[in-house]
Amino acid sequence: MLVEKNVPLEPWNTFHIVAKAHFLLRVARCDDVQQVLADPEWGPRQKFVLGGGSNIVLTGDVKALVLKVEIMGRRLLQETDQSYIVEAGAGESWHDFVTWTLDQGYPGLENLALIPGTVGASPVQNIGAYGLELQDRFESLDAVDLQTGAIFSLNAAQCGFGYRDSVFKHGPTGAAPGSVPQQGMGLAGRALITTVRFRLPKPWKPIVGYADLEKKVLETEVSQPSARQIYDWICDIRRGKLPDPAVLGNAGSFFKNPTVTPEQCADIIARDPKLVHYPLPDGSVKLAAGWLIDACNWRGKSVGQAGVYEKQALVLVNRGGATGGEVMTLAKAIQTSVYERFGILLEPEPQVV
Ligand code: EPU
């Protein structure tokens, strides 16, 4: 077991914030976790699970033992008349995995192309884009309990998926120490996801209802696109409006799109008729956080080296050498002005470390 010391985390967080891990262990197999838990020096220490670093803001050096997940592998587990079940190691790059499924002839994840991060982080966030959420394709996952070392599996219901939400983002709810995690129990900081399985339904059906995709259908006159065609469109759309983290540090959307009551929505529309809003099946209304921020004139603005992306106000960027503190100061200033104008408190998406 090799614990590295004072490891720079700049290459391993997509914001490219400069910070160090006091201690870091690369996890290539389940056994590596169990070994570290059994170790008298490292076992009791606090741990931080790092995937692709695409949804974190580092506000200083990380004192907890960083477990950098590098569990690889991908395979077709089962094919039935109804679906392909595919499996991937948590350390696989999400986008490379999506590309691989298409190359192998297992379509169904194409709408989630080009999302930064790893396979293991995808259920934590319940990543979603262009009319599809991870939960729509999720089958099950395996994880290691970071308190007991027990290996356990969760199905979709046990993951408690919501909009950019899951059981992995919530704290414990009073389960007995040492017990195997149960359905509904918050697992934040407690689970290290090792393997994720996806169910890709047959026959494949395109999902092109999202406005940007409908535009592509009209522009190209391809009314029955293949999965590969949708994948190419998604890559094109994302490259057009979202910054490439390799070029400009960022963590994707910085805030969640808020949900309001129809009355709140009507109240805002009375003052701002151009408000971008989407009625939801449960009667509530989702608002575009990007629009709210844009309406407060934040696009292109900066605090120190942290800025609001010129082409998408929902994305905060590192213009070069930004600290986590600058990113959070900017985020708080945006929250305040959106709250003062619209009475809505935006909720950040990334985990602040
Ligand atoms: N808008 C503005 N000004 C802006 C940005 C957006 O007016 O500066 C308006 C747009 O004109 C559009 C609306 O806001 O009418 C929505 O914008 P967009 O279609 O870009 O989607 P979004 O709601 O901002 C969400 C996800 C993205 C995902 C896209 C596509 C969240 C928090 N974000 O963004 O996810 O890629 O939809 O499905 O749900 C992420 O989570 O990191 C992420 C990138």
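Counting starts at 1 for both ligands and their atoms, in listed order.
For the residue pair Ser153 / Asp142, a side-chain donor-acceptor distance below 3.5 Å is found, with atom types taken as modelled.
By the 30° and 60° cut-offs, the orientation of the rings of Tyr84 relative to Tyr106 is tilted. The aromatic rings of Phe254 and Phe15 stand perpendicular to each other, their planes meeting at an angle above 60°, with 30° marking the opposite boundary. Using cut-offs of 30° and 60° on the angle between ring planes, the pair Phe342 and Trp291 is tilted.
Counting heavy atoms only, Phe255 comes closest to atom 32 (C) of ligand 1 of the residues Phe255, Tyr278, Trp291. The option with the heavy atom closest to atom 34 (O) of ligand 1, from among Pro350, Ser253, Ala251, is Ser253. Between Tyr163, Tyr210, Phe254, it is Tyr163 that holds the heavy atom closest to atom 31 (C) of ligand 1. In this structure, of Leu287, Leu132, Asn257, the residue bringing a heavy atom nearest to atom 25 (C) of ligand 1 is Asn257.
Annotation: atom 38 (O) of ligand 1 to nearest protein heavy atom, Tyr130 N, 2.7 Å. The protein heavy-atom contact nearest to atom 36 (O) of ligand 1 is Arg238 NH1, 3.3 Å. Closest to atom 14 (O) of ligand 1 among all protein heavy atoms lies Ala288 CB, 3.3 Å. Closest to atom 35 (O) of ligand 1, if we only count protein heavy atoms, is Arg164 NH2, 2.9 Å. For atom 15 (O) of ligand 1, the closest non-hydrogen atom on the protein side is Val276 CG1, 3.6 Å.
Contacts between Arg299 and ligand 1, counted as non-hydrogen atom pairs separated by less than 4.0 Å, involve the side chain only.
Per-atom contact check: atom 10 (C) of ligand 1 does not touch the protein, criterion being a heavy-atom distance below 4.0 Å. Distances from atom 3 (N) of ligand 1 to the protein include at least one heavy-atom value under 4.0 Å.
The backbone N or O of Gln125 lies less than 3.5 Å from no partner atom in the side chain of Asn55, so there is not a single donor-acceptor pair. Between the side chain of Asp294 and the backbone N or O of Gly290, no donor-acceptor pair lies under 3.5 Å. The closest donor-acceptor contact from the side chain of Arg228 to the backbone of Pro107 lies at 3.5 Å or more, if one exists at all. Glu92 contributes no side-chain N or O that, together with a main-chain N or O of Gly89, makes up a donor-acceptor pair within less than 3.5 Å. The backbone N or O of Leu248 sits less than 3.5 Å from a side-chain atom of Asn250, completing a donor-acceptor pair.
Residue-ligand proximity, Lys241 to ligand 1, at heavy-atom distances under 4.0 Å covers atoms 18 (P), 19 (O), 20 (O). Per-residue contacts place Leu314 under 4.0 angstrom from the following atoms of ligand 1 (heavy atoms of the residue considered): 24 (O), 32 (C). When each atom of ligand 1 is checked for a heavy atom of Gly252 under 4.0 Å away, the hits are 42 (O). Atoms of ligand 1 found under 4.0 Å from any heavy atom of Ala129 (numbered from 1 in listed order, with element): 36 (O), 38 (O).
Taking the ring centroids of Tyr130 and Trp233, they lie at or beyond the 6.0 Å cut-off.
Between Ser83 and the choices Arg199, Glu139, Arg137, the side-chain hydrogen bond (donor to acceptor under 3.5 Å, both in side chains) rule is met once, by Arg199.
Looking at Ala313 next to ligand 1, an N or O pair under 3.5 Å apart turns up. At least one N or O atom of Gln312 sits closer than 3.5 Å to an N or O atom of ligand 1. Between Asp294 and ligand 1, at least one pair of N/O atoms sits closer than 3.5 Å. Where the criterion is an N or O separation shorter than 3.5 Å, residue side chain and backbone included, Glu349 meets it with respect to ligand 1.
For Asp282, there are no salt bridge (charged side-chain N to carboxylate O under 4.0 Å, His left out) partners, not counting sequence neighbours.
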